[in-house]
Protein chains: 2
Amino acid sequence: MLKDEQIYQKLLKAIVEHKLPPGERLPEDKLAEAFGISRTGIRKVIQRLALERFVIVEANKGAHVNRPSRQEAEEVLNSRILIEPQLIPDIVNNWTAKHAKHFYAMVDEENHADEQGWLSQSIQLTAQFHYELAAISNNSILAEFVEQLCYRSSLVLAAYGSRKSVSCDSGDHAELLTLLDARKTVQAQQWMEHHLIKVKQSISLDGNDCAQIDFQRLFSEM
Amino acid sequence: MLKDEQIYQKLLKAIVEHKLPPGERLPEDKLAEAFGISRTGIRKVIQRLALERFVIVEANKGAHVNRPSRQEAEEVLNSRILIEPQLIPDIVNNWTAKHAKHFYAMVDEENHADEQGWLSQSIQLTAQFHYELAAISNNSILAEFVEQLCYRSSLVLAAYGSRKSVSCDSGDHAELLTLLDARKTVQAQQWMEHHLIKVKQSISLDGNDCAQIDFQRLFSEM
DNA sequence: GTATTTGAAATTGTATACAAAATAGGGAAA
DNA sequence: TTTCCCTATTTTGTATACAATTTCAAATAC
C-alpha cells in the first residue's frame, strides 16, 4: 500500500526522466489500477502535478504529461537565472565543510553518470545539485520554488536538450564548489549566472517547438 | 452553480482578508453545503489552497487557515525583496501609456480606500498593485509566483501588521509610477527594494508569533 | 476538585456508483 | 475511396456510501 506522496514521487520521477514522455495521456483508471488504489487517490496526485505544471489537465479530456513550449522553457531558465545567483550570499554564509564534502561527492556521481552515458541519472543528479544547493539558503520558500524549477528544467532538457546540454549542466559543478569553499561570493554568483545562461543557450539553438517525443533522439546520441 | 475556480477565489479572498482568520477550521461538509456542492469538489479546492500554503491540512484532522509564523512571514517578504526589483527592467521595457493610466487609477483607489479606513480593501489593492506590475514582465512563471507571494503577504500583514504597515505599503506607489514613466530603471529597482524592506521592517518590530487572531487588534486601531 | 476513561457524535479517508462528455469505429452516402 | 454521421465504448465529473479516525463530553476514579 503506497501513500500518495510516494505515488506523486514515482510519477514525477517518471515524467522528469521521460519514462512518461510529453504528451503521454494519464488515464485515471489505468494509473489507479497500476498503483492499487482508487481513482480518488490518483486524481489528488494528478491535480498536484497539474498545479506544478508537470501535467496538463483539460476539462473532460483528462490529463497528459506537459510538453513545455519553447516560451515556457525559456521562462523556466530565466527564472532560475534571476533567482539562483541571488541565493549565493546566504549559501556562502551557511556553507560548512560538511556541505562541501556532500556536494563534492555528488559531483563525482554526476561525472561518473556522465562518463557511463547514464543520461536520465545525469539529468536527475544535475537537478539535485542545484536544488540541494538552494536548500542551504535560509529561505525555504525560494528553495522549494527552485526545486520545482529544477525539475521543470529536467523536463525541458529532455525535450529540447542535446546530450551536450546535459553534460554542459553537470560538467563543471566542481568549479562552483571551490568558489564556495573560498567564500568568493561575487565570483560564485557570476559563475552561477553564466552557468545557467549556458544551459539556456544550449536549448535555444533552433527555434522550433518539439512536435513529438524527443527522448528517443536524445538517447540515440549516446 | 459555482465552478471550483470561483469557489477557490472566494475562499482565498476570505482568507486573505481574514474573514476566515488564521487557525479557523475548514470542515468539508460545512463548506460543501455553503457552496452547494459535494465534499469531493471542496477537497479539490482545499488541496490547492494547501499546496499554496494558505491552509494547512493535517492527516485525519482536516484543514485550517494557515497562521504564518514570523519565520514564514520574513521568508515571504525576503522572497519578494529578492525577486520584485529584478523584474523592473522587463517591466520598464514593456511599460506603455496604457499601463501608466491603469496603475495611476489603481493608486487613486488605494489612497481612497486608505483615507476611508477600508482596511481589507486597502490590503487587497496593495497586493494587486504589486502582482499586476509583475505580470507586465515577460515571465509568466515569476509573475504567478509573485502573485502568490503577494497574497501570502496580505495574510502576513493581517496577522502581524499594524494599520501603519498597510498604508506604508500602499501609500507611495505613485512614486514608483513616475520612475517607470521616466524609464529610470535602476532607481525604480532601488525604490522597490527599499519599499519592500520598509514593509518587512514594519512587521518585524516585535519578536513574538501571534498566538491568537490579530485582525481584531488591527481593526481596533482604526 | 482534578484527572482519566469511555463512548457517542462529528469529521476525514477511500472506494464506488452513476451521470455527462469525449472518443473511436463502423456504416452509409457522395 | 473519402467524408460524414451515428452509435457503442471509454473516460472523466460529481455525489454518495461506508470505514477509520478524531473530538468532545459525560461519567467514573482518585
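Within every chain, numbering begins at 1; the chains are lettered A, B, ... in the order of the sequence lines, protein sequences first and strands thereafter.
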A:E28 CD - C:dA21 P separation (whole Å): 16 Å
Residues A:E5 and A:R48 bridged, charged N to O under 4.0 Å: yes
For atom CD of A:E33 and atom C1' of C:dA15, their distance in whole Å: 15 Å
Side chain to side chain donor-acceptor pair (under 3.5 Å) between B:E84 and B:H195, intermediate numbers included: CA-CA 11 Å; B:E84 289 189 59; B:H195 174 69; over 6 Å; no
Side chains of A:Q71 and A:E75, donor plus acceptor under 3.5 Å: yes
Between C:dA15 (C1') and A:D4 (CG): distance, integer Å: 14 Å
Between P of C:dA15 and CD1 of A:I37, the distance in whole Å: 6 Å
Atom-pair distance (CG on A:L31; P on D:dT11), nearest Å: 12 Å
Sugar-phosphate only, base, or nothing, as touched by A:G41 at under 4.0 Å among non-hydrogen atoms: nothing
Separation of C:dA19 C1' from A:R39 CZ (nearest whole Å): 12 Å
Salt-bridge present (A:E74, A:R70; N to O < 4.0 Å): no
Interatomic distance where CD1 belongs to A:I42 and C1' belongs to D:dT11 [whole Å]: 15 Å
Side-chain N or O of B:K30 closer than 4.0 Å to phosphate OP1/OP2 of C:dT11: yes
Any A:T40 side-chain N or O less than 4.0 Å from OP1/OP2 of C:dT14: no
Between C1' of C:dA15 and CZ of A:R43, the distance in whole Å: 14 Å
Pairwise 5' ranking along DNA chain C for A:N60 and B:L26, keeping only the more 5' one: B:L26
Below 4.0 Å: OP1/OP2 of C:dT11 and any side-chain N or O of B:K61: no
